[in-house]
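Okay, structure first, notes after.
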2 protein chains.
Amino acid sequence: MTEHQQLPDSAVTDSEPAKPRRGKNGDGAERHDAIYRTISDAIIEHRLRPGARLREDALAEVFGVSRTGIRKILQRLALEHLVTLTPRRGASVTRPSAEEARDVFAARQLVECGVMDSVARSMTAADVSELRDIALRERTALRAGEQSTAIKLSAEFHVRLAQLSGNATLAEFIGRLCSRSSLILAVYGNPGNLGCESHDHDELIDCLEAGKGERASAFMGRHLKAIEASLSIDVEEEETPDLHRIFSL
Amino acid sequence: MTEHQQLPDSAVTDSEPAKPRRGKNGDGAERHDAIYRTISDAIIEHRLRPGARLREDALAEVFGVSRTGIRKILQRLALEHLVTLTPRRGASVTRPSAEEARDVFAARQLVECGVMDSVARSMTAADVSELRDIALRERTALRAGEQSTAIKLSAEFHVRLAQLSGNATLAEFIGRLCSRSSLILAVYGNPGNLGCESHDHDELIDCLEAGKGERASAFMGRHLKAIEASLSIDVEEEETPDLHRIFSL
DNA sequence: GCCGGCTTAAACGTATACAATGAAGCCCAA
DNA sequence: TTGGGCTTCATTGTATACGTTTAAGCCGGC
């Protein structure tokens with residue numbers, strides 16, 4: 001626990017500052033979903049860094065709901081591997097292990113390349129322009145130095161792409177993988193290098209627009225490999241340093 | 001809502017009949033996990049059929065915990081697509097749509113075939129014998145007419161296989177897909193035909209033991225195709241009959 | 001006789017209270 | 001001065017109570 005980051009104000013985009021709204025049922029599930037997305041976004045955009053503790057009381061107060069709702073949200077985030085729930089210690093933003101990082105990227109390699117064919121076949125002109133828009137905004141954010149925005153847009157690009165495959169199950173899985181990748185970038189990424197080359201996504205769209213599923217798949221493979229290669233996954237000190245190994249030599 | 005199945009006694013394997021155990025903290029998380037697995041198994045083994053309602057009060061009483069814990073478990077099951085949570089109507093075992101069925105099998109085709117290579121490379125003799133044991137027990141159950149056991153063992157086979165790939169993320173995903181496949185079988189499967197041919201799994205092991213990842217992948221592809229082909233996925237009546245379509249003609 | 005509104009009850013959604021546990025700080029003794 | 005044990009506090013885990021909503025049953029009017 002080297003960092004002492006604790007729910008910085010900037011992590012909460014919602015404008016309402018702990019408005020009670022108690023006794024009124026109001027929206028209910030919608031509100032919870034909004035809170036979920038707010039926290040999820042904060043994690044994906046690196047405004048909440050891996051290791052940051054997420055105390056139930058604090059979150060409940062910030063969002064103006066009771067701990068019950070917060071717990072539900074935290075459990076959902078935990079099932080998506082975005083936060084880690086330690087039995088009596090509470091929740092914290094997941095700090096992905098090196099192994100997890102490798103697994104996630106291997107999975108992306110398999111799945112994201114695998115759907116390129118379907119995507120190329122079913123993509124419409126409207127889809128193309130939407131993807132181009134995302135890619136454009138991503139490059140703009142990158143150039144403006146807005147890392148948070150760029151990271152989120154990059155993930156959004158991959159997710160939208162996956163959705164075009166028409167397979168909701170695979171799209172959902174890829175969405176989870178992208179979220180986790182964002183966490184992995186936060187831990188193992190090098191500052192100044194966001195992984196995604198600026199024009200990779202545009203080239204990918206070119207392949208798909210031309211209906212070249214095979215080429216798109218190969219390109220996506222190289223793209224993901226490039227991101228992974230840009231990381232520094234050098235099994236740094238484990239959370240519990242192996243004293244035996246250290247002192248026995 | 002054609003069936004009126006409501007938590008049949010046979011759905012609960014646990015021996016304790018609503019033992020209160022109140023006031024004692026006891027195990028806590030372990031207990032919840034056990035309850036989760038009990039319900040999950042009941043769904044996978046078709047002792048709880050799709051559409052069956054899962055009332056919180058009833059479950060809380062059966063397992064001797066409060067609704068709080070039950071809600072947590074139901075939400076977890078919902079995120080795995082095993083139960084469907086309708087906002088003010090409660091939980092029920094998911095009835096997969098035809099589209100969902102196709103998506104799940106397409107995903108399995110992509111992912112399970114994709115990991116065969118890693119599996120073939122890293123499989124040990126112990127792994128082989130464990131898989132053979134599962135396959136044997138599956139055939140035995142099938143021959144004895146114990147459908148529930150056979151279904152569960154079939155899923156277990158695929159999951160164990162995936163775990164041998166060494167990629168926990170992919171293995172987890174495949175596990176979810178297998179659980180959902182069990183639900184799909186319950187809805188679209190034909191009685192007497194469990195989908196899996198008796199000796200398919202054994203042949204698959206043969207390929208893997210020989211280190212033929214390529215052949216294993218192809219075989220797995222055919223295996224999954226065969227299961228899917230054995231289903232009757234003929235978009236039957238939707239839950240909300242399309243009156244416009246019916247009467248406009 | 002049938003349709004529509006009202007009443008009642010059952011089930012979910014949320015908050016709050018209480019219990020339990022682990023961690024940190026403090027005091028005392030060596 | 002330091003180390004160990006004890007006390008206290010902070011935080012999570014669980015249950016329960018209450019509000020809300022929906023569905024079904026009943027009654028009255030048309």
Side-chain angles (χ1 to χ4, degrees), chain A residues 1-2 4-7 16 18-36 39 51-79 83-94 239-240, chain B residues 1-2 4-7 16 18-36 39 51-79 83-94 239-240:
Chain A
M1 203 67 60
T2 56
H4 295 274
Q5 182 189 16
Q6 293 256 74
L7 291 181
E16 333 178 33
K19 190 182 296 179
R21 187 186 266 184
R22 196 169 295 159
K24 290 291 290 292
N25 192 358
D27 5 341
E30 269 183 51
R31 173 121 189 85
H32 278 180
D33 218 58
I35 297 174
Y36 160 79
I39 299 177
R53 287 201 54 188
L54 300 171
R55 292 195 309 102
E56 297 179 355
D57 279 335
L59 289 171
E61 192 191 352
V62 167
F63 291 107
V65 295
S66 84
R67 279 177 49 217
T68 308
I70 295 295
R71 287 177 67 80
K72 188 168 77 176
I73 293 167
L74 288 177
Q75 275 159 22
R76 178 170 169 190
L77 289 166
L79 287 178
V83 316
T84 301
L85 245 45
T86 317
R88 299 267 171 188
R89 306 290 307 280
S92 59
V93 178
T94 296
E239 50 270 39
T240 60
Chain B
M1 202 70 59
T2 56
H4 294 275
Q5 182 187 16
Q6 292 255 81
L7 290 180
E16 336 177 33
K19 191 183 294 177
R21 188 187 263 179
R22 198 168 292 158
K24 289 291 291 292
N25 194 0
D27 4 346
E30 268 182 51
R31 174 122 188 84
H32 279 179
D33 218 58
I35 296 173
Y36 160 79
I39 298 178
R53 288 201 53 188
L54 301 171
R55 294 197 307 101
E56 297 178 354
D57 281 335
L59 289 171
E61 192 191 351
V62 166
F63 291 108
V65 295
S66 84
R67 279 177 49 219
T68 310
I70 295 295
R71 287 178 67 80
K72 189 168 79 176
I73 292 167
L74 287 177
Q75 275 159 22
R76 179 169 169 193
L77 288 166
L79 287 177
V83 315
T84 301
L85 245 45
T86 317
R88 299 265 170 189
R89 305 290 307 281
S92 60
V93 178
T94 296
E239 51 269 40
T240 61

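Because only heavy atoms are used, hydrogens play no part in the values below, and waters and symmetry mates are left out as well, while side chains stay in. Throughout, protein chains are lettered first and strands after them, A, B, ... in sequence-line order, and every chain is numbered starting at 1.
The side chain of B:Arg89 contributes no N or O atom lying less than 4.0 Å from OP1 or OP2 of D:dT21. Side-chain nitrogen and oxygen atoms of B:Arg55 include at least one within less than 4.0 Å of the OP1 or OP2 phosphate oxygen of C:dA11. Between A:Arg71 and the phosphate of D:dG13, there is a side-chain N or O to OP1/OP2 separation shorter than 4.0 Å. The side chain of A:His32 contributes an N or O atom lying less than 4.0 Å from OP1 or OP2 of C:dT14. For the pair B:Lys72 and D:dG13, the criterion of a side-chain N or O lying under 4.0 Å from OP1 or OP2 is not met. In this structure, B:Ser66 reaches the D:dA15 phosphate: one of its side-chain N or O atoms is under 4.0 Å from OP1 or OP2.
Computed from coordinates, the A:Glu61 CD to D:dT12 P distance equals 13 Å when rounded to whole Å. Residue A:Ile70 contributes atom CD1, which lies 14 Å from atom P of D:dG13 at whole-angstrom precision. B:Glu30 has its CD atom 12 Å from the P atom of D:dT14, to the nearest Å. The interatomic distance linking A:Asp57 (CG) with D:dC9 (C1') rounds to 13 Å, in whole Å. Atom-to-atom, CD1 of B:Ile73 to P of D:dA15 comes out at 11 Å; the value is rounded to the nearest Å. The separation between A:Glu56 atom CD and C:dC18 atom P is 19 Å, rounded to whole Å. At whole-Å resolution of the value, CZ in B:Arg88 and P in D:dG19 are 15 Å apart. With rounding to whole Å, B:Ile35 atom CD1 is found 14 Å from D:dG13 atom C1'.
Summarising the geometry of B:Arg76 relative to B:Tyr36, their closest heavy-atom pair is NH2-CE2, 3.3 Å, with the distance given to 0.1 Å. For A:Ala60 against A:Arg67, the heavy-atom pair with the smallest separation is CB-N, 3.9 Å. For the residue pair A:His32 and A:Lys72, the shortest heavy atom distance occurs at ND1-NZ, 3.2 Å.
To the nearest 0.5 angstrom, B:Ile39 atom CD1 is 6.0 Å from B:Leu74 atom CG.
There is no side-chain donor-acceptor pair under 3.5 Å between A:Ser92 and A:Thr84.
In terms of polar N and O atoms assigned as donor or acceptor, the side chain of B:Arg67 comes within less than 3.5 Å of the base of C:dG13 in a complementary pairing.
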